[in-house]
Amino acid sequence: MATPVSPLSPAPLPSPSSGVPGSRPLRKVAVIGLGTMGTGIAEVLTRAGREVVGVDLTDELTARAVSTLAASTARAVRRGRLSDPERSDALARFRATTDLRAAAEADLVIEVTPESYETKQQVIRALDAVVAPDAVLATGTNALSVTRLAAGSARPERLLGLHFFNPAPAMRLVEVVSSVLTAPAAVAAVTDLVVELGKEPVAVGDRPGFVADGLLFGYLNRAAAMYESKYASREDIDAAMRLGCGLPMGPLALLDLIGVDTARTVLEALYAASADRLYAPAPVLGQLGAAGLTGRKAGRGFYTYAERGGAAVAPDALTPGLPGPRTAAGRPVRTVGVAGSGTMASGIAEVFAGAGYEVVLAARSRSKAEAARTRIGAALDRSVARGRTSAEAAALALDRIAPAGGYEAFAPVDLVVEAVAEDLGVKQRLFGVLDGVCRPGAVLATTTSSLPVIACARATDRPEDVIGMHFFNPAPAMKLVEVVRTVLTADDVHATVREVCGGIRKHPVDCGDRAGFIVNALLFPYLNDAVKMVQEHYATPDDVDAAMKLGGGYPMGPFELLDVVGLDVSLAIEKVLHAEFRDPGLAPAPLLEHLVAAGCLGRKSGRGFREHAPR
């Protein structure tokens with residue numbers, strides 16, 4: 001008679017024959033579905049020494065997978081990433097078949113079939129009848145509920161999500177997705193395997209889109225809606241996010257690469273699972289898809305391409321710079337006034353002086369202006385030390401900056417750029433002063449990142465001369481300037497600022513006067529969504545950051561960026577966006593509000609989402 005086990009006693013450790021999923025080494029792997037992703041996963045596994053059997057519906061598909069794997073590993077040899085013997089061994093470890101029963105001896109089965117519950121559940125039920133009780137089943141879904149898929153299995157405890165990113169051999173991120181039904185041993189075994197493959201595992205719960213796609217597709221959807229509203233051109237939206245955030249691709253170009261139809265399918269799945277408006281596909285995605293304009297693979301999507309499947313963009317009717325209506329000529333600008341004495345004002349003054357403009361740097365006191373000029377001198381010295389400029393050029397630039405202890409010094413200048421506190425009352429009072437000081441015809445620009453430009457313009461008797469010039473920090477290094485027209489801005493003022501941007505070697509993007517302009521309107525909701533993930537204990541800041549850097553190619557994870565920008569600054573911008581657009585999804589995450597209330601502002605306070613060394 002067996003000895004009973006007390007509920008309070010530790011359970012006996014499973015043996016390899018116990019039937020517990022993940023209790024045996026994952027040496028033999030079956031990959032079900034040999035499309036681009038399935039074949040890529042098979043390559044990763046074979047190159048890491050695993051025996052792999054690939055299964056697909058037809059001999060043609062399996063033959064294509066074998067050919068693709070041979071070609072891909074040959075490229076790896078040519079690039080020095082693989083030796084000829086290693087390639088031969090990897091190819092010998094792979095075989096392809098149309099018989100699902102070939103998965104019977106697999107320790108791990110990864111299904112990478114089309115994103116359909118019906119298809120995936122059919123495959124999982126068929127595998128239940130084939131594989132061993134202690135084998136682990138993984139779904140490669142990027143949008144469907146792992147819990148729902150597991151619930152349709154005879155052994156739901158052995159099913160989890162294993163989300164590789166495309167191209168699988170190159171991308172380091174793998175999301176390991178647990179449901180409430182998943183056995184911890186299965187998660188541990190698969191996580192260990194991912195590490196052995198040289199990948200970075202990120203543990204996440206079963207939430208629509210997991211981490212990377214949940215954040216990425218919401219951002220892409222907002223960008224598509226921004227374009228659809230004709231708020232900004234496709235080129236300006238993409239340039240703004242590349243140059244303003246350091247992203248490898250703009251959102252509309254990325255949608256074309258992913259496939260407009262694929263993106264819409266993913267968004268539909270995310271919306272069906274979450275009922276979150278964030279994922280309700282922008283109508284333009286459906287319209288492009290219905291017209292067959294699905295992106296690079298079709299030769300046309302948001303952009304037109306020189307050939308199907310190619311990356312080279314071809315000019316079309318929407319391409320800027322083609323013959324069109326005559327635009328207004330700009331006003332001459334030789335002297336520039338910069339209002340303020342902080343980091344942004346100093347950086348802007350350095351940019352203009354370095355480009356050959358005579359600059360008046362004015363602050364509320366002469367000492368503040370002189371201190372700002374001294375900081376500029378130190379910054380120029382660092383540029384000389386790093387070989388970015390010559391000592392002579394730096395000296396000439398500093399000589400062009402004249403500090404002033406009052407705004408009356410702006411009387412003769414052609415353009416004034418204010419960079420004072422991000423407070424509407426402060427800016428309005430300053431514009432009232434500038435209205436009385438500056439000569440007729442001078443252009444008045446605000447660097448606000450979130451406040452209405454028209455409110456600054458209305459503080460003057462010449463609103464037609466007022467425009468937004470949103471520089472990014474640090475101004476000397478960042479190439480982007482958002483040029484913000486109000487409904488009253490004169491055409492020649494707009495032309496003036498665009499010409500000036502060329503003169504200071506910056507890239508101007510045009511947008512209208514609404515909260516967030518382009519970059520902040522797309523960036524900060526994404527950051528807010530990331531905070532909500534952590535707030536709901538769905539993932540850690542480290543895992544979210546890793547997912548976006550490794551899976552999305554972002555230079556910084558959202559929590560790294562929040563700590564750099566400042567949680568208080570982020571909260572203020574979120575509040576402005578929520579007040580303007582009235583979208584419940586834009587309401588600041590309570591966790592963000594609580595951290596700011598506690599004085600945890602990021603690097604500047606020594607603590608934000610992480611601890612930082614005292615400044």
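All heavy atoms count here, side chains included; hydrogens, waters and symmetry mates do not. Throughout, residue positions are numbered sequentially from 1 according to the sequence presented.
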- Query: Going by distance alone, is a donor N or O of one side chain under 3.5 Å from an acceptor N or O of the other, for S367 and S365?
  - Reply: yes

- Where do V260 and L285 come nearest, in terms of heavy atoms and distance? CG1-O, 3.5 Å

- Item | Distance (rounded to the nearest 0.5 Å) between R603 CZ and E611 CD | 13.5 Å

- Note on the structure: Which of D568, V564, V565 passes side chain to side chain contact (heavy atoms under 4.5 Å, CB included) with K604? Answer is D568

- From I348 atom CD1 to M469 atom CE, the distance as rounded to the nearest 0.5 Å: 7.5 Å

- Item | T343-S346 side chain donor-acceptor pair, cut-off 3.5 Å | no

- Message: Run the salt bridge (charged side-chain N to carboxylate O under 4.0 Å, His left out) test on E370 and R366 for me, step by step, so that the C-alpha distance in whole Å, both residues' side-chain angles and the decisive distance to 0.1 Å come before the verdict.
- Response: CA-CA 6 Å; E370 288 177 344; R366 175 85 183 188; 2.8 Å; yes

- Message: Listing request: all ring pair (Phe, Tyr, Trp, His ring centres under 6.0 Å) pairs with a residue in residues 549-578, at least two apart in sequence or in separate chains.
- Response: Y526-Y554, F559-F609

- Message: Nearest 0.5 angstrom please: L567 CG to L601 CG, how far?
- Response: 7.0 Å

- Under 4.0 Å between a Lys/Arg side-chain N and an Asp/Glu carboxylate O for R222 and D529? yes

- Message: What I want to find out is whether K427 reaches E418 closely enough, with some N-O distance under 4.0 Å, to be called a salt bridge.
- Response: yes

- Query: Cationic tip of R234 within the cone over F302's six-membered ring, i.e. under 6.0 Å and within 45° of the normal?
  - Reply: no

- Query: So, the side chain of R458 versus the backbone of P463: is there a donor-acceptor pair under 3.5 Å, distance only?
  - Reply: no

- Set of residues satisfying side-chain hydrogen bond (donor to acceptor under 3.5 Å, both in side chains) with respect to D513, sequence neighbours excluded: none

- Message: With no hydrogens and no angle check, just 3.5 Å: does a side-chain donor-acceptor pair link S233 and D510?
- Response: no

- When V466 is tested against each of T489, V453, I454 for side chain to side chain contact (heavy atoms under 4.5 Å, CB included), which residue passes? V453

- Message: Please identify which of these residues, V416, L415, L430, meets the side chain to side chain contact (heavy atoms under 4.5 Å, CB included) condition with L444.
- Response: V416

- Item | Lys/Arg N to Asp/Glu carboxylate O, E268 vs R264, below 4.0 Å | yes

- Polar side chain donor-acceptor pair, S179 to T182, under 3.5 angstrom: yes

- Task: Would you indicate whether K368, at its atom NZ, is surrounded by more than 12 heavy atoms from other residues, nucleotides or ligands within a distance under 6.0 Å?
- Result: no

Please tabulate, one pair per line, all N/O donor-acceptor pairs under 3.5 Å involving side-chain atoms of residues 237-252, not counting sequence neighbours.
| from | atom 1 | to | atom 2 | distance (Å) |
| --- | --- | --- | --- | --- |
| D238 | OD1 | L252 | N | 2.9 |
| D238 | OD2 | A253 | N | 3.1 |
| D238 | OD2 | Y303 | OH | 2.6 |

- Message: I'd like to know if E560 and R610 make a salt bridge, using a cut-off of under 4.0 Å between side-chain N and carboxylate O.
- Response: no

- Determine whether the aromatic ring centres of F352 and Y357 lie less than 6.0 Å apart. yes

- Item | Side-chain donor or acceptor of E580 paired with backbone N/O of R514 under 3.5 Å | no

